[in-house]
Amino acid sequence: MKHEQLLAQMKSRMPEKRFIHTKGVAETAIQLAKMYGEDFDKAEIAAILHDSVKYADKEWLRSIIVSEKMNPLLLDFNHELWHAPVGSYVAKTEFQIMDQDILQAIEFHTTGRAGMSKLEKIIYVSDMIEPSRNFSGVEPLREKAKIDLEDAMTSCIKHSISFLIEKKQPVFPDSFHCYNDLIQQRGTVKE
């Protein structure tokens with residue numbers, strides 16, 4: 001399916017503001033993919049589909065998590081997390097995306113995880129810094145993304161974890177695993 005067709009299908013599934021966000025993630029993901037030597041076609045597909053079920057019925061999302069035997073821990077956390085793994089499932093079953101890297105980029109775009117691929121990092125970072133995002137601290141993240149993807153990813157996951165802690169919200173364990181993995185890979189852990 002051509003990317004324009006995918007985008008058109010996303011437009012019918014989400015409010016205009018979210019569609020603008022989706023297009024922004026796609027544009028940012030293509031830029032980062034070109035900068036960091038990733039397949040920009042795969043980056044664009046993952047970006048277009050990353051929020052495909054963001055506005056799906058909560059009980060339907062829950063039913064897919066249960067029926068597809070996804071991580072049951074998800075159900076103990078805010079339903080805002082559910083659209084990512086279910087979105088990956090929908091990308092595979094409805095849009096016939098069979099590329100595991102694309103599917104994982106969609107699945108982990110809200111939490112991150114240990115051992116993320118370059119494409120996963122590009123989608124995670126793009127989701128956070130795309131042009132319509134305007135939270136305090138987004139500009140330094142954008143600047144880091146232009147210089148070093150690993151540094152940008154570390155700063156983005158740190159920002160997400162800090163935000164949730166500040167709001168007294170629980171943090172899904174994959175996010176801590178992601179942060180720890182990034183820090184350990186960079187060799188910045190003091191022994």
Side-chain angles (χ1 to χ4, degrees), residues 1-34 40-62 64-65 74 77-92 94-95 97 102-112 119-146 152-153 155-172 174-175:
M1 187 178 290
K2 293 192 187 277
H3 298 181
E4 295 77 27
Q5 291 174 302
L6 283 179
L7 258 180
Q9 290 199 31
M10 292 309 108
K11 189 168 189 172
S12 67
R13 291 172 179 242
M14 55 186 65
E16 182 65 18
K17 186 177 178 185
R18 182 57 53 172
F19 183 65
I20 290 168
H21 163 74
T22 294
K23 289 196 308 188
V25 175
E27 290 163 10
T28 305
I30 291 168
Q31 289 170 2
L32 293 181
K34 287 179 178 174
F40 56 86
D41 187 56
K42 287 169 55 166
E44 185 174 13
I45 292 169
I48 290 171
L49 294 175
H50 84 285
D51 276 346
S52 66
V53 293
K54 176 89 176 170
Y55 296 93
D57 178 73
K58 185 175 154 185
E59 287 312 309
W60 179 79
L61 292 171
R62 178 192 303 274
I64 298 298
I65 289 170
L74 284 164
F77 283 78
N78 191 304
H79 71 277
E80 284 290 320
L81 291 181
W82 301 354
H83 77 279
V86 176
S88 177
Y89 166 80
V90 167
K92 185 175 183 178
E94 184 178 337
F95 296 99
I97 303 297
I102 293 175
L103 296 174
Q104 287 188 317
I106 296 169
E107 181 173 355
F108 295 101
H109 82 268
T110 58
T111 61
L119 180 63
E120 289 176 86
K121 291 171 188 168
I122 285 171
I123 297 304
Y124 189 97
V125 170
S126 297
D127 188 33
M128 188 165 275
I129 67 165
E130 62 87 13
S132 73
R133 298 284 197 193
N134 63 0
F135 58 87
S136 174
V138 70
E139 282 307 325
L141 296 175
R142 287 181 179 132
E143 290 306 311
K144 285 184 181 187
K146 292 177 188 170
M153 182 65 214
S155 295
C156 284
I157 195 72
K158 182 179 170 189
H159 180 89
S160 292
I161 292 171
S162 299
F163 175 81
L164 289 168
I165 290 172
E166 237 173 65
K167 297 287 180 189
K168 298 185 179 2
Q169 295 292 314
V171 179
F172 196 71
D174 281 349
S175 296

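Just so it is clear, the model here is predicted, and its values are computed rather than measured.
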Would you find a donor on one side and an acceptor on the other, under 3.5 Å apart, between the side chain of [X] and the backbone of [Y]?
X: S88; Y: L103; answer: yes
X: S155; Y: A152; answer: no
X: T111; Y: S175; answer: no

For this session: Would you sort out whether E27 and E44 count as a side-chain contact (heavy atoms from CB on, under 4.5 Å), showing the intermediate values?
Result: CA-CA 8 Å; E27 290 163 10; E44 185 174 13; over 6 Å; no

Problem set entry | I157 and Y124: CA distance, side-chain angles, deciding distance, side-chain contact (heavy atoms from CB on, under 4.5 Å) verdict | CA-CA 9 Å; I157 195 72; Y124 189 97; 3.2 Å; yes

Exercise. With sequence neighbours excluded, what pairs up with K146 under the side-chain hydrogen bond (donor to acceptor under 3.5 Å, both in side chains) test?
Worked result: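 Here the qualifying residues are E143.
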
Seminar exercise, completed: Hits for side-chain hydrogen bond (donor to acceptor under 3.5 Å, both in side chains) against K92, two or more places apart or cross-chain, chain-then-number order -> none

Approximate separation, where rounding is to 0.5 Å, of [X] [atom1] and [Y] [atom2]:
X: E107; Y: E120; atom1: CD; atom2: CD; result: 8.5 Å
X: F77; Y: T110; atom1: CZ; atom2: OG1; result: 11.5 Å
X: I102; Y: I97; atom1: CD1; atom2: CD1; result: 5.5 Å
X: R18; Y: S132; atom1: CZ; atom2: OG; result: 8.0 Å
X: L7; Y: M10; atom1: CG; atom2: CE; result: 8.0 Å
X: I48; Y: F19; atom1: CD1; atom2: CZ; result: 8.5 Å

Would a 4.5 Å heavy-atom cut-off, applied to side chains only, mark [X] and [Y] as touching?
X: Y89; Y: I65; answer: no
X: H21; Y: R133; answer: yes
X: E94; Y: S52; answer: no
X: V138; Y: M128; answer: no
X: F40; Y: I122; answer: no

Give the minimum heavy-atom separation between [X] and [Y], together with the two atoms involved.
X: A43; Y: A33; answer: CB-CB, 3.9 Å
X: H50; Y: D127; answer: NE2-OD1, 3.3 Å
X: S126; Y: V25; answer: CB-O, 3.8 Å
X: V90; Y: W60; answer: CG2-CH2, 3.8 Å
X: P140; Y: G137; answer: CD-O, 3.2 Å
X: T28; Y: P131; answer: OG1-CD, 3.5 Å

Exercise. Taking everything shown except D57 itself, do over 12 heavy atoms lie less than 6.0 Å from its CG?
Worked result: yes

For this session: Would you list the pairs meeting side chain to side chain donor-acceptor pair (under 3.5 Å) in which at least one residue belongs to residues 77-86, sequence neighbours left out?
Result: D51-H83, K54-E80, H83-H109

For this session: Go through the steps for Q169 and F163 under the test side-chain contact (heavy atoms from CB on, under 4.5 Å), then give the verdict.
Result: CA-CA 9 Å; Q169 295 292 314; F163 175 81; over 6 Å; no

